[in-house]
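For reference, the structure discussed in these notes is given below.
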Amino acid sequence: NKKDNKMPHLTVEYGGVEMAQEALPELHRTLLNSALFEEHDLKIRLCRYEQADYLVGGSKQAFAHLTLRLLEGRSKNAQAELSRALAETVQKLTAQAPSIQISVDLCDMVRATYTKTHR
C-alpha cells in the first residue's frame with residue numbers, strides 16, 4: 001500500500017458505445033479513492049475505436065477494456081478491489097448501452113526496469 005509507487009497509467013479502449021462526458025473525472029476519482037496513489041501521478045487515456053476497427057465475439061458488440069499499469073508491490077486484494085471499482089465506474093459511465101462487455105486487466109510493471117523523468 002505504498003504511495004511512493006509512482007503511477008498508474010490507465011488506458012480505456014472502447015467501441016460501440018459513447019463514454020459519458022464525465023468519464024475522465026470519474027475514472028480519476030475512482031483511482032484517487034483507492035488511496036493507493038498520489039493525485040499528481042494519475043495518467044488516464046481514453047482510446048475510442050470506430051466500428052470498422054474491432055470485433056467482439058465476431059460482431060460489433062459494445063466493449064470497454066481497461067488496462068491499468070502500475071509498479072509492482074500492490075497486494076492481490078488491493079488490485080482486485082481496484083479492478084472491481086474500475087469496472088463499476090465504467091458500468092455507470094456506459095449505462096445507456098443495452099449490451100456491453102467490460103474487462104479490466106491490472107499489469108505490474110517491474111520497478112527495476114521502469115524509468116520516469118519529467119521537467
Side-chain angles (χ1 to χ4, degrees):
N1 195 9
K2 295 179 186 174
K3 283 190 176 183
D4 67 337
N5 288 340
K6 304 298 183 216
M7 298 308 293
H9 286 272
L10 175 61
T11 304
V12 181
E13 298 173 276
Y14 69 100
V17 63
E18 291 302 317
M19 197 64 72
Q21 184 176 358
E22 64 273 12
L24 286 171
E26 284 295 320
L27 290 163
H28 180 89
R29 192 172 303 114
T30 300
L31 291 173
L32 199 55
N33 287 345
S34 74
L36 296 173
F37 315 106
E38 296 292 343
E39 185 169 25
H40 64 271
D41 291 322
L42 303 179
K43 300 157 193 83
I44 303 169
R45 297 179 280 291
L46 297 178
C47 305
R48 185 172 186 265
Y49 290 85
E50 298 300 323
Q51 287 200 328
D53 298 330
Y54 73 89
L55 285 175
V56 175
S59 70
K60 298 296 180 182
Q61 179 181 350
F63 78 96
H65 177 74
L66 289 70
T67 303
L68 181 65
R69 300 185 54 80
L70 63 167
L71 284 176
E72 62 191 348
R74 303 290 195 280
S75 73
K76 292 300 177 196
N77 285 343
Q79 289 184 20
E81 281 183 36
L82 188 52
S83 179
R84 282 190 294 274
L86 287 167
E88 287 173 12
T89 298
V90 173
Q91 280 277 23
K92 291 175 192 166
L93 292 168
T94 59
Q96 80 282 11
S99 173
I100 185 170
Q101 282 190 22
I102 298 171
S103 55
V104 181
D105 184 23
L106 273 64
C107 305
D108 278 343
M109 297 176 68
V110 178
R111 182 180 300 276
T113 59
Y114 177 73
T115 301
K116 175 182 176 180
T117 63
H118 65 278
R119 298 178 198 204

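No hydrogens, no waters, no symmetry mates; every other heavy atom, side chains included, goes into these values.
Rounding to the nearest 0.5 angstrom, the gap separating the CD atom in Q21 from the CE atom in M19 is 13.5 Å. Between D108 atom CG and L71 atom CG the span is 8.5 Å, to the nearest 0.5 Å. Taken from OG1 in T94 to CD1 in I100, the straight-line distance is 4.0 Å, to the nearest 0.5 Å. Atom CZ of R45 and atom OG1 of T11 lie 4.0 Å apart (nearest 0.5 Å). Here E81 contributes atom CD and L36 contributes atom CG; the two are 8.5 Å apart, rounded to the nearest 0.5 Å.
Nearest heavy atom pair, residue S99 against residue Q61, reads OG-NE2, 3.3 Å. Closest of all the heavy-atom pairs between L82 and S34 is CD1-CB, 3.8 Å. For the residue pair Q96 and E18, the shortest heavy atom distance occurs at NE2-O, 2.6 Å. Shown here for L42 and F37, the closest heavy-atom pair between the two residues is CD2-CB, 3.7 Å. The shortest non-hydrogen separation linking K43 to D41 is NZ-O, 2.8 Å. Between E38 and L32, the shortest heavy-atom contact is C-CD1, 4.5 Å.
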Please report the C-alpha distance between Q101 and H65 in whole Å, then the side-chain angles of each, then the deciding distance to 0.1 Å, and finally whether the side chain to side chain contact (heavy atoms under 4.5 Å, CB included) criterion is met.
CA-CA 8 Å; Q101 282 190 22; H65 177 74; over 6 Å; no
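The cluster map of Ile, Leu, Val, Met, Phe, Trp and Tyr, joined by side-chain heavy atoms under 4.5 Å apart, puts Y49 and V17 in different clusters. Under the 4.5 Å side-chain heavy-atom criterion for Ile, Leu, Val, Met, Phe, Trp and Tyr, L70 and L66 are members of the same hydrophobic cluster.
R48 has its side chain within reach of Y14: a pair of non-hydrogen atoms, C-beta onward, lies under 4.5 Å apart. Between L86 and L10 there is a side-chain heavy-atom pair separated by less than 4.5 Å.
One side chain, E39 or H28, offers a donor N or O that lies under 3.5 Å from an acceptor on the other.
When each of I44, L27, L31, D105 is checked for a side-chain contact (heavy atoms from CB on, under 4.5 Å) with L68, only L31 meets the rule.
Side-chain N or O atoms of K60 include one that pairs as donor or acceptor with a backbone N or O of Y54 at under 3.5 Å.
Under the rule for a side-chain contact (heavy atoms from CB on, under 4.5 Å), the partners of S83 that lie at least two apart in sequence or sit in another chain are V104, L106.
For the pair R29 and E26, the salt-bridge criterion is met [side-chain N within less than 4.0 Å of a carboxylate O].
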